[in-house]
Number of protein chains: 2
Amino acid sequence: MYEPAPASRPMRADAQRNYASLLNTARVAVSERGTDIVLEDIAKSAGVAIGTLYRHFPTRQDLLEAVFLDETNELRARAEALASAPVPFDALMSWLRLQMDFAAFGRSMGAVIMAAKHVPGTRIYEANKAMHEAGAVLLQRAQVAGEIRPDVHMLDVIRLVYGIALVNEHASDPDGANRMLDLVIAGIRTKPSRD
Amino acid sequence: MYEPAPASRPMRADAQRNYASLLNTARVAVSERGTDIVLEDIAKSAGVAIGTLYRHFPTRQDLLEAVFLDETNELRARAEALASAPVPFDALMSWLRLQMDFAAFGRSMGAVIMAAKHVPGTRIYEANKAMHEAGAVLLQRAQVAGEIRPDVHMLDVIRLVYGIALVNEHASDPDGANRMLDLVIAGIRTKPSRD
DNA sequence: ACCTGAACACCGTTCAAGT
DNA sequence: ACCTGAACACCGTTCAAGT
């Protein structure tokens, strides 16, 4: 599934194993306890020294981005799959709810993505761009179908979803996030909800 | 303006001065550099030892809540003032934009408020409750006027505003927050925007 | 080329001793 | 009753020494 950045030269076998071990450990830790992971613990669990973690992931942000890269790709794939769904509006809705689930599952996935350097060529940048483009197709189909206002930007909608995930991270009201998403959806529709 | 919690017995004069100095220092620091303040620095700038800071504010959260308590009260006062404005819808809009400004100015004010313990009797809890109630009046007036959907909760809207402020904290696009707020506003209106 | 882990730095938090 | 600041703890980050 995941392979390290297309380096100039291939990585040594043990380095490759360490990289994968670190990433998998971090992935599990983030999904279980959120982004407040202790790097020393990650290294220990992965069976390597702390220096090795830093060699592969120079900053905490780098590690977190690697963790969420898979999810970003997954979301792109889901968008691509939904692009041929029969009802454009429903496809968009499904995808937005999927975004919410991922953002909530991965804890502050939105925060990490937003903190990512906007540098073309970066893996996270390209993955994100591809995801947005795939999402934009869904949006556009729903716009052509006359269901969504033509002046809406996909990026704004995604960020709103991230925002909803963020403010509901420690929320007591489990239904609040859904109500908030419904408000956003109502905001991007051309006609008021007819159900 | 701000006075410490209504203690069982009044505070000693020097304690009162230290409390005020710490709070003012923190307020300035937060407004300048955000909530990532170094407590040791705050104490030093306030002219007291670190132990004194901890005596008055047992946790970082306590200090931050004290910082944002004033802003919460200010927003309540603004809502109360707007309650007699001629056009209910416009009053609500003004207040929501005010919320955005405050959340942005105070950096992660929303995050701090959301992390606050929901314990009745707490100063921050009561201040927040009062603010929400004052805001709810604005919402209700606009609902009675037929401008806002009757099923909208003020709390959801405020949280959405916090979410917008959060995801735009390090954003490059300075207009994004306004577009996102416009989407939310469109979502709570009964009729599509007529301008 | 990569790994190890001791060493350093930074910052939060406590608490014995002072006034 | 409150203040001081040394002491401890925790965790991030670096880098000389190893393979």
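These numbers were taken from a predicted model, which means no experiment stands behind them.
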Nearest-angstrom distance from the residue atom [atom1] of [X] to [atom2] of [N]:
| X | N | atom1 | atom2 | answer |
| --- | --- | --- | --- | --- |
| B:Glu40 | D:dA7 | CD | C1' | 12 Å |
| B:Lys44 | C:dC11 | NZ | P | 10 Å |
| A:Asp36 | C:dG12 | CG | P | 15 Å |
| A:Gln16 | C:dC3 | CD | P | 11 Å |
| A:Met11 | C:dC2 | CE | C1' | 11 Å |
| B:Leu39 | C:dC10 | CG | C1' | 13 Å |
| A:Phe57 | D:dT14 | CZ | P | 16 Å |
| B:Leu22 | D:dC2 | CG | P | 14 Å |

Legend entry - Residue among B:Val28, B:Thr25, B:Leu23 satisfying side-chain contact (heavy atoms from CB on, under 4.5 Å) with B:Ile42: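 It is B:Thr25, the one option of B:Val28, B:Thr25, B:Leu23 that forms the side-chain contact (heavy atoms from CB on, under 4.5 Å) with B:Ile42.
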
Legend entry - Test applied, side-chain contact (heavy atoms from CB on, under 4.5 Å); reference residue, B:Leu75; option that passes from B:His132, B:Glu80, B:Gln99: B:Gln99

Where the side chain of [X] is concerned, which of [options] is the nearest nucleotide?
| X | options | answer |
| --- | --- | --- |
| A:Arg60 | D:dG12, C:dG12, D:dC2 | D:dG12 |
| A:Tyr54 | D:dT14, C:dC3, D:dC2 | D:dT14 |
| B:Asp14 | C:dG12, D:dC3, D:dT13 | D:dC3 |

I'd like a list of close polar pairs between nucleotides 4-6 of chain D and the protein, N/O only, cut-off under 3.5 Å.
residue	atom	partner	partner atom	Å
D:dT4	OP2	B:Ala49	N	2.9
D:dT4	OP2	B:Thr52	OG1	2.8
D:dG5	O6	B:Gly51	N	3.4

Inset, instruction - Report which part of the nucleic acid B:Ile42 touches: base, sugar-phosphate, or nothing (heavy-atom distance under 4.0 Å, all strands). - result: nothing

Inset, instruction - Classify the nucleic acid contact of B:Leu53 as base, sugar-phosphate or nothing, counting any heavy atom under 4.0 Å across all strands shown. - result: nothing

Legend entry - Salt-bridge criterion met for B:Arg123 and B:Asp70 (N-O under 4.0 Å):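 Between B:Asp70 and B:Arg123 there is no salt bridge, as every charged N stays at least 4.0 Å from the carboxylate O atoms.
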
Just by distance, do the side chain of [X] and the backbone of [Y] share a donor-acceptor pair under 3.5 Å?
| X | Y | value |
| --- | --- | --- |
| A:Arg76 | A:Asn128 | no |
| B:Gln61 | B:Val112 | yes |
| B:Ser94 | B:Asp90 | yes |
| B:Arg159 | A:Ile164 | no |

Inset, instruction - Go ahead and write out DNA chain D as dot-bracket, 5' to 3': ( ) for pairs within the strand, [ ] for ones crossing earlier pairs, | when the partner sits on another strand, dots for unpaired; Watson-Crick or G-U wobble, both distances under 3.5 Å. - result: ||.|||||...|||||.||

Name the pairs: protein N/O against N/O of nucleotides 17-19 of chain C, kept only if under 3.5 Å.
none

Legend entry - Geometric cation-pi criterion B:Arg189 and B:Phe89, 6.0 Å radius, 45° cone: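 Yes, B:Arg189 sits over the ring of B:Phe89.
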
Inset, instruction - Any chance you could measure B:Asp156, atom CG, to B:Ile188, atom CD1, to the nearest 0.5 Å? - result: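 Interatomic distance, B:Asp156 CG to B:Ile188 CD1, rounded to 0.5 Å: 10.5 Å.
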
Legend entry - Euclidean distance, B:Thr35 OG1 relative to B:Phe68 CZ, rounded to 0.5 Å: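 It comes to 6.0 Å.
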
Inset, instruction - Using only side-chain N and O atoms of A:His56, determine if any of them is under 4.0 Å from OP1 or OP2 of C:dC2. - result: no

Legend entry - A:Trp95 vs A:Ile158 side-chain heavy atoms within contact, under 4.5 Å: yes

Legend entry - Between A:Ser21 and A:Asn18, a side-chain donor and acceptor under 3.5 Å: no

